Amino acid sequence: MDPSTILQDAEALQEVLTRYVDSRDGYLQASEIVADEGLTRTFHHIADRRERIAGRIAELLHSDGQRPDTTGSTEAGVHRWWIRMRDKLSEHEPSAVVEECLRGEKELSRTLHSVAESGNLTPAHAPLVAEAISEVDLAIRAFELMVDDA
């Protein structure tokens, strides 16, 4: 395989890994903020799922000779701060946290679609990104229903 293709694939997978680490951390924080037990369980479930997929991506990078970075992004740290602020400003209204989760999912979806459509993934790695897109799109639909019902 062309070395530039391998590098582009690794960069694309690292971007997905970073966003999945960000997502996991965001859901863990959201689970600590909300008082609703159902939402807490849902956020923990999503965080666990994101952790598993992030682990699979890190393994792929490692098996390709790359050093996966699992630290997450600075902008996600700002988003987690904003989730805490919205929670306080809304006087702990769960819908404010759900709306921020929806916003985060949409951003993650944009990243995943961009990576999938870039043509930078190898055929062996594309199915994992496709699986991630399906999972995130499902979460978006669920959160949109919750926001519409609030």
Side-chain angles (χ1 to χ4, degrees), residues 1-34 36-84 86 94-149:
M1 182 175 287
D2 179 358
S4 67
T5 302
I6 293 171
L7 181 59
Q8 290 173 337
D9 178 70
E11 289 172 353
L13 285 178
Q14 180 59 58
E15 178 66 18
V16 173
L17 175 59
T18 299
R19 297 302 173 195
Y20 259 72
V21 168
D22 292 344
S23 180
R24 176 205 60 204
D25 293 348
Y27 279 110
L28 288 175
Q29 177 183 293
S31 72
E32 294 169 1
I33 291 173
V34 295
D36 182 294
E37 289 182 30
L39 277 177
T40 298
R41 281 192 306 272
T42 298
F43 292 156
H44 271 287
H45 175 74
I46 294 172
D48 289 345
R49 181 85 179 130
R50 300 292 157 88
E51 173 69 23
R52 284 193 296 271
I53 290 179
R56 289 173 57 196
I57 296 168
E59 287 174 14
L60 287 174
L61 285 166
H62 187 73
S63 68
D64 288 345
Q66 305 296 318
R67 300 177 102 196
D69 178 358
T70 58
T71 58
S73 71
T74 302
E75 66 184 334
V78 172
H79 187 235
R80 288 190 296 275
W81 171 83
W82 178 242
I83 289 173
R84 287 191 304 274
R86 279 211 57 194
S95 64
V97 174
V98 171
E99 287 173 4
E100 286 306 312
C101 290
L102 177 58
R103 196 158 68 99
E105 289 300 294
K106 288 181 176 179
E107 183 59 33
L108 178 58
S109 178
R110 276 191 289 277
T111 297
L112 293 170
H113 282 280
S114 175
V115 166
E117 294 163 6
S118 70
N120 293 333
L121 291 174
T122 65
H125 298 161
L128 179 58
V129 174
E131 179 184 339
I133 288 171
S134 294
E135 177 193 49
V136 170
D137 287 348
L138 183 64
I140 288 172
R141 285 192 298 276
F143 287 136
E144 284 176 338
L145 289 173
M146 293 171 78
V147 168
D148 288 346
D149 288 343

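Model, not experiment: these values are computed from the prediction. Numbering starts at 1 and runs along the sequence shown.
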> Got a sec, which pairs hit side chain to side chain donor-acceptor pair (under 3.5 Å) with one end in residues 36-47, sequence neighbours left out?
Replying inline: Ser31-His44

>> Would you compute the distance between atom CZ of Arg49 and atom OG of Ser23 and round it to the nearest 0.5 angstrom?
In response: 12.0 Å

>> To check you understand the geometry: which heavy-atom pair defines the closest contact between Leu39 and Pro94, and what is its length?
In response: CD1-CB, 3.7 Å

> Please walk me through it: do Phe43 and Val97 pass side chain to side chain contact (heavy atoms under 4.5 Å, CB included)?
Replying inline: CA-CA 11 Å; Phe43 292 156; Val97 174; 4.0 Å; yes

> Could you go step by step and tell me if Arg50 and Ile53 meet the side chain to side chain contact (heavy atoms under 4.5 Å, CB included) rule?
Replying inline: CA-CA 5 Å; Arg50 300 292 157 88; Ile53 290 179; 5.8 Å; no

> By side chain to side chain contact (heavy atoms under 4.5 Å, CB included), which residues pair with Ser95, not counting sequence neighbours?
Replying inline: Glu93, Ala150

> Taking all non-hydrogen atoms of both residues, which atom of Ala12 and which atom of Leu121 are closest, and how far apart?
Replying inline: CB-CD2, 3.8 Å

Going by atom type alone, with no hydrogens or angles, which donor-acceptor pairs under 3.5 Å involve a side-chain atom of residues 136-149 and a protein atom two or more places apart or on another chain?
residue, atom, partner, partner atom, Å
Asp137, OD1, Ser109, OG, 3.4

> Taking the side chain from Asn120 and the backbone from Gln8, do they hold a donor-acceptor pair closer than 3.5 Å?
Replying inline: no

> Do Val21 and Thr71 have side-chain heavy atoms sitting under 4.5 Å apart?
Replying inline: no

> Does a side-chain N-to-carboxylate-O contact under 4.0 Å join Glu75 and Arg19?
Replying inline: yes

> Does Tyr20 have any ring-ring contact (aromatic ring centres under 6.0 Å, His included) partners at least two apart in sequence or in another chain, and if so, which?
Replying inline: none

> When you look at Glu107 and His79, which way does the side chain to side chain contact (heavy atoms under 4.5 Å, CB included) test go after all the steps?
Replying inline: CA-CA 11 Å; Glu107 183 59 33; His79 187 235; over 6 Å; no

> When rounded to the nearest 0.5 angstrom, what distance separates OG1 in Thr74 from CG in Asp22?
Replying inline: 9.0 Å

> Among all residues two or more places apart in sequence or in another chain, which pass the side-chain hydrogen bond (donor to acceptor under 3.5 Å, both in side chains) test with His125?
Replying inline: Asp9, Asp64, Thr122

>> Check this for me: His62, atom NE2, are more than 12 non-hydrogen atoms of other residues, nucleotides or ligands nearer than 6.0 Å?
In response: no

> Of all residues at least two apart in sequence or in a different chain, which pass the side chain to side chain contact (heavy atoms under 4.5 Å, CB included) check with Gln14?
Replying inline: Leu17, Thr18, Leu61, Pro68, Asp69

> Roughly how far, to the nearest 0.5 Å, is CZ of Arg80 from CD1 of Ile33?
Replying inline: 10.5 Å

> Should Arg56 and Glu131 count as an ion pair when the cut-off is N to O under 4.0 Å?
Replying inline: yes

>> Quick check for you: to the nearest 0.5 Å, what is the distance between Leu13 atom CG and Leu128 atom CG?
In response: 7.5 Å

